[in-house]
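Shown next, in structure tokens, is the structure this report addresses.
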Protein chains: 2
Amino acid sequence: MTDEVNIGVLLFVAYRAMENRAFAAVAAAGYEDITPAQGKLLQRVDEDGSRLSELAESAQVTKQTAGYLVDQLERGGYVERCPDPGDARARLVRLTGKARDLLPIGAAAVSEVEAEWTSYLGKRRMEQLRDTLTRLREITDPYIDR
Amino acid sequence: MTDEVNIGVLLFVAYRAMENRAFAAVAAAGYEDITPAQGKLLQRVDEDGSRLSELAESAQVTKQTAGYLVDQLERGGYVERCPDPGDARARLVRLTGKARDLLPIGAAAVSEVEAEWTSYLGKRRMEQLRDTLTRLREITDPYIDR
DNA sequence: GAAGGTAGTCAGAGATACTGACTACTTTGG
DNA sequence: CCAAAGTAGTCAGTATCTCTGACTACCTTC
């Protein structure tokens, strides 16, 4: 675990910086009741609605955890649960207008941070970084989908 | 927050893969009572002992949280608290023999994962990755120290 | 239409992290 | 030398996130 500068730590530091900026931007825009875990789930809700199990698998949490987070998002008015017309066991989690206002704010913050990184590293290095991480994902991500 | 393949997500996926492997190795070696948060703190304990406040700052948690985690590590026999000879307000958190056995196991797992990544990406790309992340750290890490 | 699988919830628990208030000790400035 | 201010750490209380296990309701298949 210790290794002069463990590459895991380096990955984490950059990741955390990105996440902090995105959440700060969302909070600054007045959406202060969104927590990181809720945000992660919210990003994964499909345009046409998602099932709880899909969200759970995609976010790599249990159905119970996903249900808990969706409860909170529902209370905050970011999603609603509708019956799934095709399967009476399931319910579809759908984005509300409030969520559709919020998501671009986070996305803009991410783009801003990426632009800063590109400016610091240079365009070529930034592209290499993205490319390398994308390749790495092939052997590190059990859920290549989104 | 959404951006085809957000670089934050890519960073996180690789980081999580590394962390999971390290903790799996530690647990497989029989240290099953160590949690990720405890592990993060444990890695930061200095050879000569660390103060709680130092650990808290380094791990970016409050003193209270650090104290709680050190309590658990102490109960598990991984660290001990001794009086600080230089300052009677403080106490030094020191690694025990058990922790000194454990830490190399985690480090070995990290090295193994790095070797796999190098083999998959090629030596040149792996070095570029480390180098780029190290540069990035200069603008993303408020605590460049360890 | 019975058997087994899938979607989701309920109940209970533990880990992680926070804020605020406090004690004990050290350092500093008059 | 001592009062004021600062630092180290703890205690109490709370919120968040996540889990396991057990359950109901519904669907699919033979």
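We use all heavy atoms of the structure for the numbers below, so side chains are in, but hydrogens, waters and symmetry mates are not. Each chain gets a letter, A, B and so on, in the order the sequences are listed, and its residues count up from 1.
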*asked:* Assess whether a salt bridge exists between B/Glu47 and B/Arg100, defined as any Lys/Arg side-chain N lying under 4.0 Å from an Asp/Glu carboxylate O.
replied: yes

*Please state whether the phosphate of D/dC17, meaning OP1 or OP2, lies under 4.0 angstrom from any side-chain nitrogen or oxygen of A/Thr35.*
yes

*How close or far is atom P of C/dC18 from atom CG of B/Leu69, stated in whole angstroms?*
10 Å

*Within less than 4.0 Å of OP1 or OP2 of D/dT7, is there a side-chain N or O belonging to B/Ser53?*
no

*asked:* For a quick check of understanding: with a heavy-atom distance under 4.0 Å over all strands, which category does A/Thr65 fall into, base, sugar-phosphate or nothing?
replied: base

*When the distance from CG of B/Asp33 to C1' of C/dA15 is rounded to whole Å, what number comes out?*
14 Å

_Rounding to an integer number of Å, can you tell me how far A/Glu74 CD sits from C/dG8 P?_
13 Å

*State yes or no: do B/Leu42 and B/Val61 share one hydrophobic cluster built from I, L, V, M, F, W and Y residues joined by side-chain heavy-atom distances below 4.5 Å, directly or via other members?*
no

*According to a strict under-4.0 Å criterion, is B/Gln38 in side-chain N/O contact with OP1 or OP2 of C/dA15?*
no

*Determine the contact category for B/Asp87: base if any of its heavy atoms lies under 4.0 Å from a base atom, sugar-phosphate if only primed atoms, P, OP1 or OP2 are that close, otherwise nothing.*
sugar-phosphate

*5' priority, DNA chain C, between A/Arg89 and A/Gln64 [closest heavy atom]*: A/Arg89

*asked:* Using whole Å, what does the distance between atom P of nucleotide C/dA17 and atom CZ of A/Arg16 come to?
replied: 11 Å

*Is the distance from OP1 or OP2 of D/dT20 to the nearest side-chain N or O of A/Thr62 less than 4.0 Å?*
no

*Please tell me which of the listed nucleotides, D/dT10, D/dC19, C/dG8, lies nearest to the side chain of B/Leu52?*
D/dT10

*In whole Å, what is the span from the CZ atom of A/Arg51 to the P atom of C/dT6?*
12 Å

*N or O in side chain of A/Arg81 less than 4.0 angstrom from C/dT9 OP1/OP2*: yes

*With the threshold set at 4.0 Å, does a side-chain nitrogen-carboxylate oxygen contact exist between A/Arg125 and B/Asp131?*
yes

_Ion pair B/Glu114/B/Arg130, N-O distance below 4.0 Å_ = yes

_How many whole angstroms separate atom NZ of A/Lys40 from atom P of D/dT16?_
16 Å

*Whole-Å distance separating the CZ atom of B/Arg91 from the P atom of C/dT26*: 14 Å

*Can A/Arg21 and A/Glu116 be counted as an ion pair, charged N to O under 4.0 angstrom?*
yes

_Pairwise 5' ranking along DNA chain D for A/Pro36 and A/Gly86, keeping only the more 5' one_ = A/Pro36

_Atom pair distance, as rounded to whole Å: OH in A/Tyr68 and C1' in C/dT16_ = 13 Å

